Amino acid sequence: MASLKEILLRRPVAATIRLTVPAGAARPAPPVGPALGQYRLNLMAFCKDFNARTQKYKADTPMAVTITAFKDNTFEFTVKSPSVTWYLKKAAGIESGSGRPGHVFASTLTLKHIYEIAKIKQSDPYCQYMSLESISKSIIGTANSMGIKVQKELD
């Protein structure tokens, strides 16, 4: 049970906002501006903090960000690494997956590619307690649903 001090220190949450913003390219223009503006949050503070946190990634890498807006017009945010589908498309060198997954293969990847993507995804807050094997299995499932064939080694 929470102590009285913890209960008094909790701030009431106004909203939880989820956005996909390119790394290092947060600007107070759409989609960031209208999403944060309706909760009267400081747009420039978010843009500066987000761009500082994502400067290690290449430009135009889509980053998922979850913003918790509090009723006193303050906010906190967590940045997740890009989606698995984005990594799979980049590794395979394709623009989009197969139109008929399971029948027509868009590309082929090796288990080494899958393992490297799993190592990156393991740093995500939601995956940090999962084993590398279970993350890899999930990525293989995603690849199969996109029409990307996974082999041990390329022929």
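On a predicted model such as this, the values are computed, not experimentally measured, just so you know.
- Here the side chains of P28 and C47 are in contact, with some heavy-atom distance below 4.5 Å.
- Taking hydrophobic clusters as Ile, Leu, Val, Met, Phe, Trp and Tyr residues chained together by side-chain heavy-atom distances below 4.5 Å, I139 shares a cluster with L111.
- Residues F46 and F77 place their aromatic rings such that the two centres sit under 6.0 Å apart.
- From S136, atom OG reaches atom CD of E116 across 10.0 Å, with rounding to the nearest 0.5 Å.
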For this session: Evaluate side chain to side chain contact (heavy atoms under 4.5 Å, CB included) for V13 paired with T68, printing each intermediate quantity in order.
Result: CA-CA 7 Å; V13 175; T68 305; 3.9 Å; yes

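- Side chain of N51 to backbone of A25: a donor-acceptor contact under 3.5 angstrom is found.
- Contact of the T66 side chain with the I17 side chain is not registered, since no non-hydrogen atoms from C-beta on lie closer than 4.5 Å.
- A heavy-atom distance below 4.5 Å is not found between the side chains of T110 and I114.
- Here CE of M130 is found 6.0 Å from OG of S138. Values are rounded to the nearest 0.5 Å.
- Here the side chain of T54 pairs a donor or acceptor atom with the backbone of G24 at under 3.5 angstrom.
- Residues P22 and F50 approach most closely at O-CE2, 3.5 Å, considering heavy atoms.
- Under 3.5 Å, the side chains of S145 and T142 contain no donor-acceptor pair of N or O atoms.
- In terms of hydrophobic clustering, with Ile, Leu, Val, Met, Phe, Trp and Tyr side chains grouped at heavy-atom distances under 4.5 Å, I140 and L132 are assigned to different clusters.
- Going from atom NZ of K71 over to atom CZ of R40 covers 14.5 Å, rounded to the nearest 0.5 Å.
- A pairwise comparison of heavy atoms in V150 and A143 identifies CG2-CB, 3.9 Å as the closest pair.
- Contact check on E133 versus K137 returns a salt bridge, with a Lys/Arg side-chain nitrogen under 4.0 Å from an Asp/Glu carboxylate oxygen.
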For this session: For side chain to side chain contact (heavy atoms under 4.5 Å, CB included), just list the numbers for V32 and R27, CA-CA rounded to whole Å, side-chain angles, deciding distance to a tenth of an Å, and then say yes or no.
Result: CA-CA 7 Å; V32 177; R27 292 181 186 81; over 6 Å; no

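- Going from atom CZ of F75 over to atom OG1 of T16 covers 14.0 Å, rounded to the nearest 0.5 Å.
- If you take CD on Q122 and CD1 on I135, they are separated by 4.5 Å, rounding to the nearest 0.5 Å.
- Within 6.0 Å of the CG atom in D60, the count of heavy atoms belonging to other residues, nucleotides or ligands does not exceed 12.
- Between W86 and T61 there is a side-chain heavy-atom pair separated by less than 4.5 Å.
- Residues S81 and M63 approach most closely at CA-CE, 4.2 Å, considering heavy atoms.
- In this structure, the separation between CD on E76 and CZ on F70 is 4.0 Å, given to the nearest 0.5 Å.
- Looking at every heavy atom in both residues, S107 comes nearest to I94 through CB-CG2, 4.0 Å.
- Annotation: salt bridge (charged side-chain N to carboxylate O under 4.0 Å, His left out) contacts of K149 (sequence neighbours excluded): none.
- Taking every heavy atom of both residues into account, L19 and A35 meet most closely at CD2-CB, 3.9 Å.
- Minimum heavy-atom separation, L88 to I117: CD2-CD1, 3.8 Å.
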Problem set entry | Chi angles and distances behind the side chain to side chain contact (heavy atoms under 4.5 Å, CB included) call for I148, F105 | CA-CA 6 Å; I148 297 173; F105 292 111; over 6 Å; no

For this session: Verify side chain to side chain contact (heavy atoms under 4.5 Å, CB included) between T78 and V65, making sure each step is shown before the conclusion.
Result: CA-CA 6 Å; T78 56; V65 61; over 6 Å; no

